[in-house]
Engineer: 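Have a look at this one.
Start at 1 with the first residue, then count along the sequence.
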Amino acid sequence: MFTSCEEEIYSEDPVYDMLFFSADSIDFQGKIHNTMSFHPGQTVYAGITLGSDGAYITKATQTWTLSGAHMEKPYSEQKTVIGPCGKEPTWKFTAPDSIGEYTVTFSEKYSYSASKANGTIYGQSKRMTARFSVK
């Protein structure tokens, strides 16, 4: 009698290292220059570096939120990324018109094509936060 020795396949969440800001488009291939202050109305690029790509994720729903003391209410945007493994999350937005400190938060919800080791087929990233100023 022959038996198969197939290895179990499990999904893995990506591991994110750093949420950073740039005044230019983001190039993950070069050195990252984290910009911490912007002018009112300036284009801001937010990016997150990958420590690990993740595996067997079919879809990620990203939630990006911009908040600050001078904002009436936080601004949020959702993005859906198909086949997100190995793709660094990015977001482009306009710096608020009021001078002050602002916070960007990021989180993701995942749908897996293979369950995780604990049997789940959905997951969520840890929340990431970074601050910048408008001067």
Side-chain angles (χ1 to χ4, degrees):
M1 178 174 189
F2 294 97
T3 59
S4 174
C5 294
E6 290 185 30
E7 187 176 327
E8 291 285 332
I9 296 173
Y10 295 113
S11 291
E12 295 177 22
D13 294 344
V15 175
Y16 295 124
D17 286 335
M18 177 180 69
L19 170 57
F20 66 94
F21 305 106
S22 174
D24 302 316
S25 62
I26 296 176
D27 176 13
F28 287 100
Q29 305 307 314
K31 183 173 170 75
I32 294 173
H33 301 283
N34 193 8
T35 304
M36 300 306 296
S37 65
F38 298 88
H39 299 291
Q42 184 176 0
T43 299
V44 179
Y45 296 89
I48 299 176
T49 57
L50 278 173
S52 172
D53 291 350
Y56 300 103
I57 302 171
T58 56
K59 178 176 78 170
T61 303
Q62 302 174 348
T63 301
W64 294 89
T65 303
L66 172 64
S67 60
H70 299 288
M71 297 176 69
E72 207 171 288
K73 63 180 184 172
Y75 170 75
S76 288
E77 185 175 315
Q78 283 196 336
K79 293 171 61 176
T80 299
V81 180
I82 305 299
C85 295
K87 296 178 183 174
E88 295 92 349
T90 60
W91 185 42
K92 176 181 156 184
F93 63 96
T94 302
D97 291 331
S98 298
I99 293 171
E101 297 290 319
Y102 295 89
T103 302
V104 169
T105 58
F106 168 85
S107 65
E108 270 182 323
K109 291 185 178 180
Y110 307 113
S111 297
Y112 306 121
S113 61
S115 66
K116 291 191 73 169
N118 65 5
T120 59
I121 58 171
Y122 299 101
Q124 185 165 341
S125 71
K126 292 181 180 176
R127 188 174 165 174
M128 299 190 73
T129 302
R131 296 181 63 129
F132 68 93
S133 61
V134 174
K135 296 181 178 191

Engineer: Please collect all side chain to side chain donor-acceptor pair (under 3.5 Å) contacts where either partner lies in residues 81-97, sequence neighbours excluded, each pair once.
Structural biologist: Glu77-Trp91
Engineer: Testing Phe132, Phe106, Tyr102 for ring pair (Phe, Tyr, Trp, His ring centres under 6.0 Å) with Phe21, which one passes?
Structural biologist: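 It is Phe132; the other options fail the test.
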Engineer: Heavy atoms only: give me the nearest Gln62-Pro89 pair and the separation to one decimal.
Structural biologist: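 Smallest heavy-atom distance, with atoms named: NE2-CB, 3.6 Å.
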Engineer: Does a side-chain heavy-atom distance below 4.5 Å link Tyr110 with Pro14?
Structural biologist: yes
Engineer: Should Ile32 and Met18 count as side-chain neighbours, where that means a heavy-atom distance under 4.5 Å?
Structural biologist: yes
Engineer: Taking all atoms of both residues into account, what is the closest heavy-atom pair of Thr65 and Pro74, and its distance?
Structural biologist: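 Shortest heavy-atom contact: CG2-CB, 3.8 Å.
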Engineer: Taking all non-hydrogen atoms of both residues, which atom of Ile26 and which atom of Ser22 are closest, and how far apart?
Structural biologist: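 Heavy atoms of Ile26 and Ser22 come nearest at CG1-CB, 4.3 Å.
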Engineer: Can you name the closest pair of heavy atoms from Met128 and Ile48 and give their distance?
Structural biologist: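 That would be SD-CG2, 3.8 Å.
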Engineer: Answer with yes or no whether the hydrophobic clustering places Trp64 together with Val44; edges join I, L, V, M, F, W, Y residues whose side-chain heavy atoms lie under 4.5 Å apart.
Structural biologist: yes
Engineer: Under 6.0 Å from the NE2 atom of His70, do we count more than 12 heavy atoms belonging to anything else shown?
Structural biologist: yes
Engineer: If every non-hydrogen atom of Ile99 is compared with every non-hydrogen atom of Val134, which pair is closest and at what distance?
Structural biologist: CG2-O, 3.1 Å
Engineer: Report the distance from atom CE of Met36 to atom CZ of Arg131, rounding to the nearest 0.5 Å.
Structural biologist: 9.0 Å
Engineer: Look only at the side chain of Ser133 and the backbone of Ser37, and say whether a donor-acceptor pair between them is shorter than 3.5 Å.
Structural biologist: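 Not confirmed, Ser133 side chain does not pair with Ser37 backbone.
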Engineer: Using side-chain heavy atoms (C-beta onward) and a distance below 4.5 Å, is Asp13 in contact with Lys116?
Structural biologist: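 They are in contact (side-chain heavy atoms under 4.5 Å apart), so the answer is yes.
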Engineer: Atom OH of Tyr45 and atom CD of Gln42: how far apart are they, to the nearest 0.5 Å?
Structural biologist: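 Answer for the OH-CD pair, Tyr45 versus Gln42, is 10.0 Å.
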Engineer: Is a side-chain N or O of Ser11 found less than 3.5 angstrom from the main chain of Tyr56, in a donor-acceptor match?
Structural biologist: yes
Engineer: Apply side-chain contact (heavy atoms from CB on, under 4.5 Å) to Ala55 and list each qualifying residue two or more places apart in sequence or on a separate chain.
Structural biologist: Glu12
Engineer: What's the spacing between Thr120 OG1 and Tyr112 OH if we round to 0.5 Å?
Structural biologist: 5.5 Å
Engineer: Kindly compute the distance separating CD (Glu108) from NZ (Lys59), expressed to the nearest 0.5 Å.
Structural biologist: 12.0 Å
Engineer: Roughly how far apart are Thr103 OG1 and Leu66 CG, rounded to 0.5 Å?
Structural biologist: 8.5 Å
Engineer: Which residues end up grouped with Tyr122 if you chain together Ile, Leu, Val, Met, Phe, Trp and Tyr wherever their side-chain heavy atoms are less than 4.5 Å apart?
Structural biologist: Ile121
Engineer: Roughly how far, to the nearest 0.5 Å, is the CD atom of Gln124 from the OG1 atom of Thr61?
Structural biologist: 10.0 Å
Engineer: Is it true that a side-chain atom of Ser52 and a backbone atom of Val15 form a donor plus acceptor pair closer than 3.5 Å?
Structural biologist: no
